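Data first, discussion second: the structure below is written as C-alpha cells.
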Amino acid sequence: MTEVRTRFAPAPSGSLHVGNARTGLFSWAHARHHGSAFILRIEDTDASRVTEEAVHGVMDSLRWLGIDWDEGPDVGGPHAPYRQSQRLDLYRETTERLLSQGDAYPCYCTEAELEERRRSAMARGEPPPNDRCRDLTAGERAAFEAEGRPHAVRFRMPEREWVTNDLVKGEVRWAPGHLKDFVLLRSDGTPVFLLAVAVDDLVMGVTHVIRGDDLLDSAPRNAAVIQALGGTPPEYAHVPQVMGADGKPLSKRHGSTSVEAFREQGFLPEALMNYLALLGWSKDAETTFLSRDELIEAFDVSRVSKNPARFDVDKLEWMNNHYIQRLDDDDLAARCLHFLSVAGLSPEPGTLRAAMPIVKERMKHLTESVGLLRFLFSDDVEPDERATAEIAKAPEGYLKAVADALAELEPWTTEAIHARLDEVAGAFELNRRKGFAPVRAATTGSTISPPLPESLELLGRDRTVDRLQGLG
RNA sequence: GGUCCCAUCGUCUAGUGGCCUAGGACACCACCCUCUCAAGGUGGAGACACGGGUUCAAAUCCCGUAGGGAUCACCA
C-alpha cells in the first residue's frame, strides 16, 4: 500500500469561513483516518490579497477547531517552505522547463485584447478562442519583443478529452477543446495558482486533494501540468460548497460566517467540528454525535454528499447546547470565565464553578453565561422593565416579609430557602409562580434566571436580603 | 450563453431495484414535567421536482423538461 499524503491549501484572503473550514476538516479527517501525513500549505501567490494576520488567523482557527498538521508554515517539514509566496524560484524554474519542452509559450496579449476577444466570443455564444499567441512564429515573437511588450506564460493544454475519476463526483469528462490554455506566470513574473498548485502537489508528494467543487474544472488543468512535468496526478475529491440559509453561496451578507466569529459567540470547537462533519457527510443513518476520534475512525470521503448543503445555525446551536451540557463543571466554568471577563465581570471561582449545574442546560452559547450569572458577580442589579413590573405587582409588604423570613434562615441551603419562600408565599395566598416572580425580579433584576432557590443560595443571605429590602 | 456538477420532509441526511405504506436529526405543533427560562419525556404534521421510458418490481437505472450550483481571469 502506497503512502497517503493529504493537504489543505487555503488562500488566506480574509478569515477562514465555515465552508473552507469544513473542507479543511474533511481533508484532515481523511489524512488521520489513514494514519497519514496532513500538510497545511498557504496559497498566497497573489501577494496583494494576503496579510500576515490572515495567515495566522487561518492557522488559529484550524487549531482551535482541533485540526492539526504535520507539515506547514509554522512547523516546517521536508518540503519547506509551505507558503507559496516563498517558493517563487521553484515556480519560475518549472516554467522555464515547461517553456523549453514546448508545453508552455509566451503570450503577448494585453488584458484589453483578451477581454475583447472573450466578450465577442461570448456574445456569439461560442466558447472563448484559444490564445492567438499559441502558435506565434519566431518572427512574430521577435517583433513583439522588439516592441517591448511584456508577456505572460501560458500552458499549452493538450487538445484531447480529459477524464477525472473524482472521489466524490465520480467520473467527469471534458470533451476536446473545452479546456483552454491558461496562464502559468503573470507578466510580472509571479506564478498563478494553477501552476503553483500543480508544482507543489507534485513536489510534496500529495496523493489526495480534497477541495471545494468550485475547483472541479481545475482538476484536469492541474493534472495536465503535473503530467507535463512527468508526474502522476493525485486523486481528487471535490466537495460541494456550503450555502447560507437562503441557499446562496456563503458571503458577507450572511453575517459573520468565520470560524473566529463562531468562537467569539461562544460556540464550542467540538460542537462546531461535529456539526461541520455532518454537513455534507454522514457516517450512517443514525449517528448524530461524533467525537474527534470517532470522526477520524469513521470518515470516508466517498460518502461525502454530491450536492451543496445549507448551513443551519439552529442545528449548530442545538448541538452546542448538547456539548455544553456534557462538559464537566470545571471545564465549563473555565470556558465561561473568558466571556464573563470580556463582559467586565470578575467571578469568584468557587461560586462560578458552583453555578455551572444550574446554567448548563440553559445556554446555547457560552456568551449567555453573562446574562444568566451577572446577578451573582455584580451588585449593580437594576431591574429591567419586566422585572420592575413584576415587583410592582407584588402585594404590599410581600418582599419585606420575604426579606425578614430569609434574614434569619438557617441553614442557608437551596432546600431551606425553597421551603421558606413557599411559606411566605402561602401566607400571602400566592401560588409558587406568583410568589417567586417578584423575588426573582428583585434579586436578579430579571424575569428570567436559573432556578430561584439555587440562585439565592449562591447569592448568599446578606446580598439576597439587601436586594429585597432595597426594594421594600 | 457554452461546458460541467447536482436533485429525498422547511433544513442536514439514510436509502445503490424488492427490506420503503421512505428511516434519523434540527426546526415546527401538541401534551407531560415545571418557580421564570431552558433542558428532558411522549406524540404529531412534514419529502422521493415534473414527464416519459426500462423492469414482474423504481426514491433507486435511462431519456427529456423545468430548477439549483460551479466554471469560462495575468483570483484562488
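A, B, ... follow the sequence lines: proteins, then strands. Residue 1 opens every chain. Only this structure's heavy atoms are used, side chains among them; waters, hydrogens and symmetry mates stay out. Predicted model only: the values in this text are computed from it and were never measured.
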In plain terms, say whether [X] and [Y] are close enough for a salt bridge, that is, a side-chain N and a carboxylate O under 4.0 Å apart.
X	Y	answer
A/Asp300	A/Arg303	no
A/Asp329	A/Lys360	yes
A/Arg41	A/Glu43	yes

Between [M] and [N], how far apart are the [atom1] atoms? Round to whole Å, please.
N	M	atom1	value
B/G69	B/C32	C1'	45 Å
B/C5	B/C61	P	15 Å
B/G24	B/G43	P	11 Å
B/G40	B/G23	C1'	23 Å
B/U54	B/A59	P	16 Å
B/G15	B/C9	C1'	14 Å

If we call it a pair only when both distances are under 3.5 Å in a Watson-Crick or G-U wobble match, what pairs with [N]?
N	value
B/C20	none
B/U65	B/A49
B/A70	B/U3
B/U11	B/A25
B/U54	none
B/A30	B/U42
B/U36	none

> Mapping A/Gly170 and A/Ala437 to their closest nucleotides on RNA chain B, which lands nearer the 5' end?
Replying inline: A/Gly170
Taking any heavy-atom pair under 4.0 Å as a contact, classify [X]: base, sugar-phosphate, or nothing.
X	answer
A/Thr447	base
A/Arg440	base
A/Ala309	sugar-phosphate
A/Pro450	base
A/Gly280	sugar-phosphate
A/Asn431	nothing
A/Cys107	nothing
A/Glu454	base
A/Glu317	nothing
A/Pro240	nothing
A/Leu452	base

> Given the side-chain rings of A/Phe267 and A/His365, with only the six-membered ring counted for Trp, is the space between their centroids under 6.0 Å?
Replying inline: yes
Take atom [atom1] of [X] and atom [atom2] of [N], then tell me their distance rounded to the nearest Å.
X	N	atom1	atom2	result
A/Leu184	B/C75	CG	P	12 Å
A/Asn320	B/C12	CG	P	20 Å
A/Glu457	B/C35	CD	C1'	16 Å
A/Phe436	B/C35	CZ	C1'	5 Å
A/Ile358	B/A38	CD1	P	16 Å
A/Asp422	B/U34	CG	C1'	13 Å
A/His238	B/U71	NE2	P	12 Å
A/Arg433	B/C33	CZ	C1'	14 Å

>> Using the side-chain hydrogen bond (donor to acceptor under 3.5 Å, both in side chains) criterion, which residues pair with A/Arg221? Sequence neighbours excluded.
In response: none
Within 6.0 Å of [atom1] in [X], more than 12 heavy atoms from elsewhere:
X	atom1	answer
A/Arg433	CZ	no
A/Arg149	CZ	yes
A/Lys364	NZ	no
A/Glu145	CD	yes
A/Glu147	CD	yes

Counting just side-chain N and O atoms, does [X] come under 4.0 Å of either OP1 or OP2 of [N]?
X	N	value
A/Ser449	B/U36	no
A/Thr45	B/A76	yes
A/Arg154	B/C74	yes

>> Between A/Arg467 (side chain only) and A/Thr444 (backbone N and O only), is there a donor and an acceptor less than 3.5 Å apart?
In response: no
> How far apart are the C-alpha atoms of A/Arg173 and A/Glu161, what are their side-chain angles, what is the distance that settles it, and do they pass the salt bridge (Lys or Arg N to Asp or Glu O under 4.0 Å) test?
Replying inline: CA-CA 7 Å; A/Arg173 297 169 174 277; A/Glu161 180 184 61; 2.9 Å; yes
> Of all residues at least two apart in sequence or in a different chain, which pass the salt bridge (charged side-chain N to carboxylate O under 4.0 Å, His left out) check with A/Arg156?
Replying inline: A/Asp135
> If you look at every heavy atom in A/Pro395 and A/Phe428, which pair is closest and at what distance?
Replying inline: CB-CD2, 3.9 Å
N/O to N/O distances under 3.5 Å, protein versus nucleotides 61-70 of chain B:
from, atom 1, to, atom 2, distance (Å)
B/G69, OP1, A/Lys248, NZ, 3.0

> Looking at residues at least two apart in the chain, or sitting in another chain, which of them share a ring-ring contact (aromatic ring centres under 6.0 Å, His included) with A/His208?
Replying inline: A/His30
>> Can you classify the ring geometry of A/Trp281 versus A/Phe299 as parallel (below 30°), tilted (30 to 60°) or perpendicular (above 60°)?
In response: tilted
>> Taking atom types as they are modelled, would you say the side chain of A/Arg310 forms a donor-acceptor pair with the base of B/C12 within the 3.5 Å cutoff?
In response: no
>> Regarding B/C74, can its base be found pairing with the side chain of A/Ser187 as donor and acceptor, where the two atoms are less than 3.5 Å apart?
In response: yes
From C-beta outward on [X], which listed nucleotide comes closest to its side chain: [options]?
X	options	result
A/Glu361	B/A76, B/A38, B/U13	B/A38
A/Val172	B/C5, B/U34, B/C74	B/C5
A/His178	B/U3, B/C74, B/C35	B/U3

> Going by heavy atoms closer than 4.0 Å, what residues in residues 298-307 of chain A are next to RNA chain B?
Replying inline: A/Arg303, A/Ser305, A/Lys306, A/Asn307
> Once each nucleotide of nucleotides 22-32 of chain B is scored for protein heavy atoms under 4.0 Å, what B/S/- sequence comes out, 5' to 3'?
Replying inline: -BSBB------
